[in-house]
Amino acid sequence: MNRGKVVSVSDVLAEAGSDVHGNCSKAVLHQVPESETSLFSVNPGEKLAPHLHRRTWDLFFVVSGSGEIRYRGKDGSATVPMPARAFCAMPPGYEHEVCNLSATEPFSFLLIHAPWQGYDFVETRQRSTSRS
């Protein structure tokens with residue numbers, strides 16, 4: 001992606017993604033050193049493994065489906081419900097896993113990694129089995 005150019009996507013759900021993590025797809029919409037914006041679609045009944053980022057924020061905005069984010073950080077642990085149109089900002093250093101609550105529909109969200117430069121994905125525990 002080029003710096004300094006306007007990027008417009010008329011229907012993010014129509015963007016073709018590539019398989020990542022073995023249980024979801026990712027379509028990169030925009031990428032510069034300051035941030036990467038992607039559409040993630042977690043397969044029905046699946047979850048992304050617990051992980052953290054050392055210096056990158058994860059900014060989630062749900063486009064369709066229903067999920068939840070389970071996290072642990074310096075202020076404790078909790079589960080954040082993520083229905084359509086919900087937003088969540090996950091700070092660096094917080095372990096989190098993203099779960100699709102539906103057995104039939106994908107859970108799709110825009111995910112902004114900020115900053116993108118220096119991004120890391122640190123898997124913190126073994127991924128538990130898929131939801132039934």
Side-chain angles (χ1 to χ4, degrees):
M1 309 262 166
N2 293 331
R3 281 185 80 80
K5 293 195 177 196
V6 173
V7 175
S8 176
V9 178
S10 61
D11 182 358
V12 295
L13 290 175
E15 290 296 302
S18 59
D19 182 55
V20 291
H21 304 296
N23 57 3
C24 70
S25 67
K26 175 183 178 182
V28 176
L29 306 174
H30 181 258
Q31 188 180 81
V32 292
E34 295 80 13
S35 66
E36 177 191 75
T37 303
S38 301
L39 174 73
F40 274 78
S41 290
V42 179
N43 296 337
E46 294 286 340
K47 60 179 85 173
L48 300 180
H51 67 280
L52 60 82
H53 312 288
R54 291 185 185 100
R55 62 181 297 267
T56 299
W57 282 81
D58 271 357
L59 307 173
F60 299 87
F61 179 77
V62 180
V63 177
S64 67
S66 181
E68 64 186 20
I69 300 173
R70 301 172 190 156
Y71 75 87
R72 289 188 320 174
K74 61 183 175 185
D75 59 350
S77 61
T79 298
V80 179
M82 295 297 289
R85 302 189 316 233
F87 172 81
C88 179
M90 189 64 53
Y94 278 62
E95 177 187 64
H96 54 286
E97 76 179 330
V98 180
C99 306
N100 183 344
L101 298 178
S102 172
T104 59
E105 300 294 323
F107 174 47
S108 299
F109 50 92
L110 291 176
L111 180 56
I112 300 169
H113 296 297
W116 176 245
Q117 189 170 357
Y119 170 84
D120 61 352
F121 181 95
V122 180
E123 198 162 331
T124 55
R125 291 181 277 148
Q126 249 339 11
R127 183 182 350 174
S128 54
T129 58
S130 299
R131 298 168 83 75
S132 301

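All values reported here derive from a predicted model rather than from experimental measurement.
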With sequence neighbours left out, write down each residue that passes side chain to side chain contact (heavy atoms under 4.5 Å, CB included) with S38, or none if nothing qualifies. K26, V28, E36, F40

Do you know which two heavy atoms are closest between P106 and P44, and how far apart they sit? N-CG, 4.0 Å

Main-chain N/O of A114 paired to T56 side chain as donor or acceptor, under 3.5 Å: no

CD of E68 to OG1 of T79: how many Å apart, nearest 0.5 Å? 5.0 Å

Restricting to pairs with a member in residues 108-117, which pass side-chain hydrogen bond (donor to acceptor under 3.5 Å, both in side chains), not counting sequence neighbours? S41-S108, D58-H113

For A49 and E97, work out which heavy atoms get closest and say how close. C-CB, 4.2 Å

Does F60 form a side chain to side chain contact (heavy atoms under 4.5 Å, CB included) with V98? I'd like the steps, not just the answer. CA-CA 10 Å; F60 299 87; V98 180; 3.8 Å; yes

Using the test side chain to side chain contact (heavy atoms under 4.5 Å, CB included), find all partners of R72 that sit at least two apart in sequence or belong to another chain. S77, E95, R125

Please give me the minimum heavy-atom distance between A16 and A27, naming the atom from each residue. O-CB, 3.5 Å

Applying ring-ring contact (aromatic ring centres under 6.0 Å, His included), can you list everything that pairs with F121, at least two apart in sequence or on another chain? H21, H51

N43 backbone acceptor or donor facing N23 side chain under 3.5 Å: no

For S102 and N100 the tightest heavy-atom approach is N-OD1, 2.8 Å

State which residues pass side chain to side chain contact (heavy atoms under 4.5 Å, CB included) with A78; sequence neighbours excluded, sorted by chain then number. Y71

How long is the span from the CD1 atom in I69 to the CE atom in M82, to the nearest 0.5 Å? 4.0 Å

Can you give me the closest heavy-atom contact between V62 and G65, atom names plus distance? CG1-O, 4.0 Å

Rounded to the nearest 0.5 angstrom, the CH2-CD1 distance for W57 and I112 is 12.5 Å

Which heavy-atom pair separates L39 from V12 by the least distance, and what is that distance? CD2-O, 3.0 Å

Do you reckon V122 sits in the same ILVMFWY cluster as Y119, going by side-chain contacts under 4.5 Å, direct or chained? no

ILVMFWY network linking L111 to V20, side-chain heavy atoms under 4.5 angstrom: yes

The reported gap from CG in L59 to CG in L110 (rounded to nearest 0.5 angstrom) is 11.0 Å

With sequence neighbours excluded, residues passing ring-ring contact (aromatic ring centres under 6.0 Å, His included) with F107: F109

Measuring from atom CZ of R70 to atom CG of L48, what distance do you get when rounded to the nearest 0.5 angstrom? 11.5 Å

